[in-house]
Structure formats: structure tokens, C-alpha cells
Engineer: 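Could you have a look at this structure, given as C-alpha cells, before my questions?
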Amino acid sequence: MADSRQDYLALVDEVTEHDRRYYVDATPTISDLEYDRMAKRLRELEAAHPDWVVEWSPTRRVGHEPISDFPKVERPVAMLSLDNTYGEEDLREFHERVLRGLDGESVVYSIEPKIDGFGIELTYKQGVLALGATRGDGRIGEDVTPNVKCVHGVALRLREPVDIVVRGEIYISKAEFAAINAERVKLGEEPFKNPRNTAAGTIKQMDPREVAKRPMRTILYEVVDGQRYAKGHLASLDYIRRLGLPVSANNSSAADWDTLIGCVHQWQDKRDDLPYEVDGLVIKVDDFAQRQGLGTTSKFPRWAIAYKFPARQVTTILRDLEPNVGRTGAVTPVAVLDPVDVSGTTVSRASVHNYDQVQRLGLGRGDRVLIEKAGEIIPQILGVTEKGPGPAFETPTACPSCGSPLEREEGRVALACPNRLGCPAQQLAAIEFFASRGQMNIDGLGEKVVAQLVSQGLVHDVADIFTLTWEQLDSLERFAEQSAKNLIAAIDKARQAATFSRLLAALGIPHVGGVAAKAIAQRYRRLTALRAAAGAKEHEAFVEELSEIEGIGEIIAIAVDRFLRDPHAAAILDKLGALGIDPEEQVVAIAEGPLTGKTLVVTGTLTQARADIQKRIEQAGGKVAGSVSKKTSYLVAGADTGKTKLEAAQKHGVTVIDEAELEKLLTSS
Ligand code: IVH
């Protein structure tokens with residue numbers, strides 16, 4: 001273990017360098033595990049020697065105290081915005097204006113993706129990040145330094161001790177954005193509209209801890225007073241890249257009109273390949289002296305222009321709204337559209353998040369609607385542009401699959417069919433879920449095969465999966481002998497590997513994930529014992545018995561009780577029993593350690609796999625629970641932690657910690 005300040009500073013540099021390789025160069029040179037070890041050692045050193053800590057230490061990225069306001073900062077060089085062009089004609093005019101302004105000099109342009117995020121300015125003093133400021137009105141911005149420090153790729157210290165001001169964009173990638181929204185929808189929250197607003201809203205958050213949970217990144221595209229560092233713009237970007245700042249790898253240059261327009265055309269197809277949203281290109285005169293000569297108008301520089309890509313928002317006719325029934329009974333509307341091409345793909349269905357949204361948008365049959373498709377995100381209906389002749393869509397009152405009256409769960413926006421396994425749509429989804437990866441892991445039993453087995457009457461519920469024979473499968477259309485054999489083998493393997501907790505989780509009882517299933521399985525050991533316990537008690541007494549289990553709150557207890565008493569579920573469980581599927585759960589001996597007697601809830605995205613973290617907590621004597629209650633000692637909140645969990649923690653006075661703090665707990669003695 002290093003024990004001199006010199007060693008500590010070297011370690012700060014080493015971790016910083018690996019952060020840079022990961023977030024700036026996208027070419028990590030060590031494994032996540034090695035990185036975690038190094039970062040852990042750094043945290044330990046800082047805990048042992050608080051007076052050693054330097055402000056550019058990578059550990060300073062995790063947001064700490066909430067901020068009361070963002071001080072205003074006045075900047076000497078205004079952050080201008082860009083004039084927009086939408087077509088080749090406009091771009092040609094820009095080019096000709098530039099040539100006229102340059103009096104016959106030749107020009108070289110840089111061509112850069114226009115990242116659709118949130119503009120930011122970073123000021124480094126002696127190589128250390130001193131200020132992160134928003135654009136504001138251009139001249140006066142807001143000091144959001146604590147939040148900016150949480151953004152991946154924002155170097156806290158540069159490779160050289162220079163004074164420099166750089167500008168760029170903070171963004172959330174398309175994949176991260178989709179993940180954030182999927183989580184929000186799951187929690188019954190309104191999804192965010194687009195990555196840009198989400199990034200902007202996050203940077204203006206008063207609580208840096210919340211900022212740290214959102215996976216934001218940055219790309220820098222301007223050096224203020226660039227001529228101090230290089231002759232031209234692209235060379236100045238190369239310079240800041242060498243200083244350790246992230247610069248787009250997709251910038252190029254053009255020295256004549258044909259090259260410029262050729263490059264613009266190429267980008268029309270390439271834009272979807274980028275991991276973040278781009279709404280166009282920025283075309284800039286490269287030479288700083290020429291920029292100076294061209295000057296600016298009151299609003300825009302004359303040496304740069306934004307070329308906006310054709311909109312991905314198109315209109316089409318809304319023909320119908322089909323209710324879709326999900327696995328847990330949530331009924332959500334899916335729009336059926338006249339097929340329309342949106343930037344290269346044909347769209348004929350779009351999602352509307354819930355029926356409240358249908359009412360809010362006032363959707364009716366035959367309306368012309370504006371839809372948007374951005375990257376991999378499912379097309380969304382943004383609004384009605386022209387009312388059609390048809391009536392407004394009504395919110396369904398009965399389940400489209402089984403006819404049961406729909407219910408609205410308290411505090412949730414989604415409507416739900418309460419018929420659970422009595423509902424064919426939920427049955428089908430339940431079988432798919434049971435077989436899926438992360439549940440019973442039955443290879444070869446995906447959506448299509450399940451649908452085929454159900455429609456052929458071979459499978460009605462999850463228990464039937466275990467009665468399948470290869471002769472039955474072999475006789476199915478499009479089912480080769482080998483795939484039939486493989487599937488039978490996969491089912492057999494799943495049966496062998498089944499534990500009670502895995503089986504319980506795979507049954508898809510609402511609110512019962514892996515952690516809750518494990519807690520219940522530890523208490524009852526077998527499915528038959530759990531059912532016997534439920535049968536021996538009145539419903540209220542059994543809910544109470546379940547709630548006494550560490551990590552099982554009332555909501556889970558009620559859901560389990562309800563499931564066990566559901567006649568359809570009971571019939572399935574009877575069948576499983578008759579097939580001899582009643583695996584015994586191994587009891588985990590409770591270890592002694594720093595977390596003995598503590599219950600932790602782990603949520604959000606963490607750097608280590610959830611299962612590994614759980615194991616380490618258990619090895620340290622702690623228990624892991626699935627939901628926050630007054631029995632919880634700590635909520636370990638990773639990136640994109642849902643509001644529900646944080647609110648529950650606040651309500652019960654539970655301490656919220658991040659992964660680094662968990663690490664400290666695990667290693668304390
Ligand atoms: S240069 C005077 N380069 O687009 C030069 N801006 O509409 C100003 N943006 O406020 C900016 N990608 O937030 C520049 N490669 C890029 C950009 C970019 C995105 C944003 C930026 C700016 C806005 C202008």
C-alpha cells in the first residue's frame with residue numbers, strides 16, 4: 001500500500017489517465033476490475049489522509065452538497081449562437097459570402113457534427129478546472145462548476161498547467177437516454193422528451209448528487225482565443241485533445257465547395273451511426289486570422305454556420321389506437337399509422353405512453369399527427385397537426401384480451417387488467433418472461449416460439465413447458481428436428497438448474513424481483529411450503545407474516561398473497577407440483593462482517609454487476625432487500641436511480657449512499 005503523498009499524487013494521475021483513456025479516447029487499456037481496484041485504493045488513501053486530497057482527484061467527481069444557487073458569471077468573449085441554414089442553396093450563399101469577405105483568398109472549412117446537447121464553457125487555470133459555465137444570454141452565464149465536474153470526460157486537470165478556455169456540448173447518448181426513459185415508464189413516470197432537455201435540466205439541478213447519477217458526457221468544439229495556441233481551428237482542437245479533453249473524432253475539413261457538399265451528403269446517411277443525437281453540421285472557417293477578418297454580426301459569427309439536417313418529424317394519418325396488454329397487465333396504447341418514411345425507415349406504429357397522454361394530445365381517428373423518430377428511439381407521436389373526421393379515442397374500460405374491467409393502480413398512470421393469469425395476453429407474456437434470459441434461461445424459447453406453442457395449444461401456462469416432448473415440437477411447422485431436440489435439452493437444463501428463488505422470480509409476480517424472491521425462498525425453502533403457509537392463514541395474517549421478512553414490504557407481501565390465492569396461479573402451481581418441480585433453496589449462512597445486521601437496497605446503474613455487489617454485501621454480513629422500508633439501513637443509489645426509491649428513502653429516513661461510499665462500508669472493519 002502506498003503511503004507517501006508522492007505515491008498518492010501519482011495514483012491520482014494514473015486514475016485520471018485511465019478515465020481519459022476510457023471517456024476521451026474510448027480506448028481503455030485496463031480491465032474494469034483493475035480500474036476499480038485502483039480507484040478503491042485512491043479512496044482508501046483519501047479516507048486515511050484527508051489533508052492529501054487534491055481538487056482534481058477523480059474522486060471529486062461525485063457530487064456532494066446541494067447548491068443554493070448558481071452564481072452569475074460574466075465572460076469577456078460572448079458565446080454566440082449560429083445562424084441556421086436548411087438547404088444546399090443557403091449553404092452555397094454562405095460559402096459565397098465567405099469568399100467575398102476574404103477578398104479572393106482560399107478558404108478551408110471544418111465540418112463537425114452539431115451535437116444536440118447543452119452548451120458549456122470550461123475555464124482551466126494552470127491546468128486545473130476552475131469554472132464550468134452555461135451560455136446564459138451569451139455574455140452572462142451561470143456557474144455550474146460542481147455539476148459539470150460530474151460529467152464524464154470533463155478533465156478536472158489537464159496534462160499541462162495551461163490557462164485555457166474551451167467550449168463544447170454536454171449530452172446524453174441515445175442509448176443512455178432510452179434506458180433512463182425505460183426506467184421512468186416502468187415507474188409510472190412521464191418519460192423525458194429528448195436527450196437535450198434532459199441534459200439541460202440535469203445541469204441546472206441544484207443537487208450535484210442527482211447530476212452524478214445521470215450518465216452525461218461532453219465533446220468540446222471551440223477554443224476561446226484559439227490563435228494563442230494554433231493557427232487554425234482544427235489544429236487548436238488537436239491541441240486540446242493532447243491536453244486530455246474530448247474532441248469529436250468525426251470532424252473533417254474541406255478546401256472547396258465540391259468537397260464540402262460531398263461531405264454534407266455523406267453525413268445525411270451517417271448521422272444515425274453516432275451514439276448521440278445530432279441535428280445538423282457546423283461548418284466553420286478554419287483559419288483564425290480569416291475568422292477575425294470576417295468578424296461577427298450582433299448575434300452570429302460570419303465565419304460559421306449550422307447546416308440543419310432535414311427534419312425527422314413527419315406527419316401521417318393516425319388510423320387506430322390498439323391497446324396492448326403487458327406482462328403485468330398494464331394496458332398501453334399503440335398507434336397504427338399510415339406507413340411513412342422517416343429518415344430511411346418506414347414507420348407504421350408508434351407508441352403513446354398512456355391513455356392520459358392520448359387525452360392530453362386529443363388524439364382521434366383519422367387525425368394528421370406529427371411523429372418523430374430519432375435514432376434508435378421508438379417513434380413517438382408529438383401532437384395533432386390537423387383534426388380528422390373521426391371521433392376522439394376513448395380510454396378503454398375493458399381488457400382487449402379478456403374483457404375484464406380495467407383498473408387504475410393508485411399513483412400510476414397506466415391502466416391495468418386485473419385478471420392476471422386469467423387473461424390470455426398476460427398469460428402469453430408471462431410464459432415469454434418465464435423462459436427469458438435472466439429468468440429460467442430457456443434457450444430457444446423466445447417470443448415467436450412461445451406464440452407458436454400457445455396457438456397450437458401445446459402450452460397454456462409456464463408449467464406446460466415442462467411437459468413438452470420432442471415429438472410434439474418436431475411436428476410443428478418450421479421446427480427442425482435439431483431445434484426440437486435443442487429446446488427439449490434447454491428445458492431439461494432449466495429444470496435441473498432451478499432453485500426455488502429463481503422459480504419464484506420467473507413466475508413474474510408483480511414487484512417480486514430476484515432479491516425479494518430470494519428473501520422469501522430463504523424463509524420458506526420450498527414452493528410447497530410457501531403455499532402451505534398461505535393456505536394455513538387468513539389473507540391479512542399471511543401478509544403480515546411475509547412483511548416480517550427482511551426486505552419484504554407490504555406491497556410485495558400483498559402481491560405475493562394475491563398471487564397465491566389467484567385460482568389461475570394456483571392451478572399452475574398445482575401443475576408444477578404434480579410435475580415434481582419444487583426445488584429446495586439452500587440456506588445462506590449469514591456471515592459476520594462490517595455490515596452485520598444491516599439491510600441494503602441497491603438500485604440504479606453501478607459500475608459492478610448487481611449480482612457481484614449483492615454477494616459482497618452478503619459476505620460482509622449484510623442483507624440485500626428489493627424495496628426501501630423503515631428496516632433499510634442504506635439505499636445504494638447508482639446512476640439513473642428512480643425517483644420512487646429516493647422518495648421512499650427520504651420518507652423512512654434511510655441514508656442514501658453512492659457506490660464509493662458502499663465500497664468504504666464494505667472495506668471498513
Ligand atoms: S460552434 C460561434 N460547434 O449549437 C460558434 N457549436 O446553434 C458557436 N453546437 O450554441 C458554437 N455542436 O451549443 C459549435 N460542433 C459544434 C457544435 C455546436 C453543437 C451547439 C452549440 C451552439 C449551438 C448553435
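Quick caveat, the model's predicted, so the values are computed rather than measured. One-based numbering, in listed order, for ligands and for the atoms of each.
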Engineer: Output every pair passing ring pair (Phe, Tyr, Trp, His ring centres under 6.0 Å) with a member in residues 240-259, not counting sequence neighbours, ordered by first then second residue.
Structural biologist: H95-W257

Engineer: Quick check on ligand 1: any N or O pairs to the protein under 3.5 Å? One line per pair.
Structural biologist:
residue  : atom   : partner : partner atom : Å
ligand 1 : 3 (N)  : K284    : NZ           : 3.0
ligand 1 : 4 (O)  : K114    : NZ           : 3.1
ligand 1 : 7 (O)  : K114    : NZ           : 3.4
ligand 1 : 12 (N) : I115    : N            : 3.1
ligand 1 : 13 (O) : E169    : OE1          : 2.7
ligand 1 : 13 (O) : E169    : OE2          : 3.3
ligand 1 : 13 (O) : Y221    : OH           : 3.1
ligand 1 : 15 (N) : E112    : OE1          : 2.8
ligand 1 : 15 (N) : P113    : O            : 3.4

Engineer: Write out all pairs satisfying ring pair (Phe, Tyr, Trp, His ring centres under 6.0 Å) with one or both partners inside residues 200-251, taking only residues at least two apart or from two chains.
Structural biologist: Y229-Y239

Engineer: R75 side chain to R135 main-chain N or O, any donor-acceptor pair under 3.5 Å?
Structural biologist: yes

Engineer: State the CG-NZ distance between D279 and K308, to the nearest 0.5 angstrom.
Structural biologist: 4.5 Å

Engineer: Should the pair R214-E176 be classified as a salt bridge under the 4.0 Å nitrogen-to-oxygen rule?
Structural biologist: no

Engineer: What pairs of residues pass the ring pair (Phe, Tyr, Trp, His ring centres under 6.0 Å) test when at least one of them lies in residues 117-165, not counting sequence neighbours?
Structural biologist: Y23-H152

